[in-house]
> 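Here it is: the structure, laid out below.
Counting starts at 1 for both ligands and their atoms, in listed order.
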Amino acid sequence: MNVVEHFFIGWCIAGVSPSLTRRERGIITAAAVIPDVDGLGALVEIPTRNTSHPLLWWTDYHHVLAHNIGFAIVVTIAAFALAKQRRLTAALTALAFHSHIAGDVIGARGPDGYQWPIPYFLPFSRTPELSWSGQWALNGWQNFVITGVALAITFYTAWSRGYSPIELFSPKADRVFIETLRTRFPRRRSAA
Ligand SMILES: [Zn+2]
């Protein structure tokens with residue numbers, strides 16, 4: 001799955017508990033995206049690809065360096081250290097991280113048909129690698145459906161709880177967004 005899809009799935013996982021703070025929601029959402037840092041090698045690979053010394057950092061390291069249990073442990077410990085509600089945040093962070101791994105295994109087949117098997121047990125073991133024969137393409141309709149559901153949940157929780165992922169970038173812009181949303185879809189007044 002792509003970064004945007006991972007992001008919204010992570011945000012939905014962060015929404016499991018309304019007691020979390022903005023910072024904790026940010027940590028959990030980041031954990032759903034962060035494995036793709038190992039894709040940044042593309043920034044080196046693409047410019048050097050056709051030179052005499054190509055650095056194939058993307059080909060060699062994407063889905064390898066950060067898509068594994070070792071990195072999951074590091075990220076979970078970091079979440080535990082950074083959060084106030086430590087155990088809850090760490091548990092949801094681990095879940096968000098693995099939603100990324102699962103998303104890539106089930107829905108990230110490349111345009112060339114390559115499955116990008118994931119050596120999940122690194123750095124402890126190079127095998128087995130995770131892949132699934134039913135894997136759909138990165139741009140498959142299933143990913144659109146999953147993203148649509150995650151977006152619907154995101155809008156609903158924004159409307160009902162009063163915050164959206166925009167808060168991670170600008171709390172002020174988030175307030176404007178929530179106000180607009182609630183003006184457009186007013187809440188029913190309760191009888192009391
Ligand atoms: Zn990934």
> For the Zn ion (ligand 1), what is the closest N, O or S atom on His100?
NE2
> Does the plane of the ring in Trp58 sit parallel, tilted or perpendicular to the ring in His62? Use 30° and 60° as the thresholds.
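Answer is parallel, since the angle falls under 30°.
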> Do the side chains of Glu167 and Arg25 get close enough for a salt bridge, i.e. N-O under 4.0 angstrom?
yes
> Looking at the Zn ion (ligand 1), is there an N, O or S atom belonging to His67 that lies under 2.8 Å away from it?
yes
> Could you verify whether a donor N or O on one side chain and an acceptor N or O on the other, from His63 and Tyr120, lie under 3.5 Å apart?
no
> Only N/O/S atoms count here: what is the atom of Asp104 closest to the Zn ion (ligand 1) called?
OD2
> Assign the ring pair Tyr163 / Trp11 to parallel, tilted or perpendicular, where the plane angle (0 to 90°) is split at 30° and 60°.
perpendicular
> Can you tell me which N/O/S atom of Asp36 has the shortest distance to the Zn ion (ligand 1)?
OD1
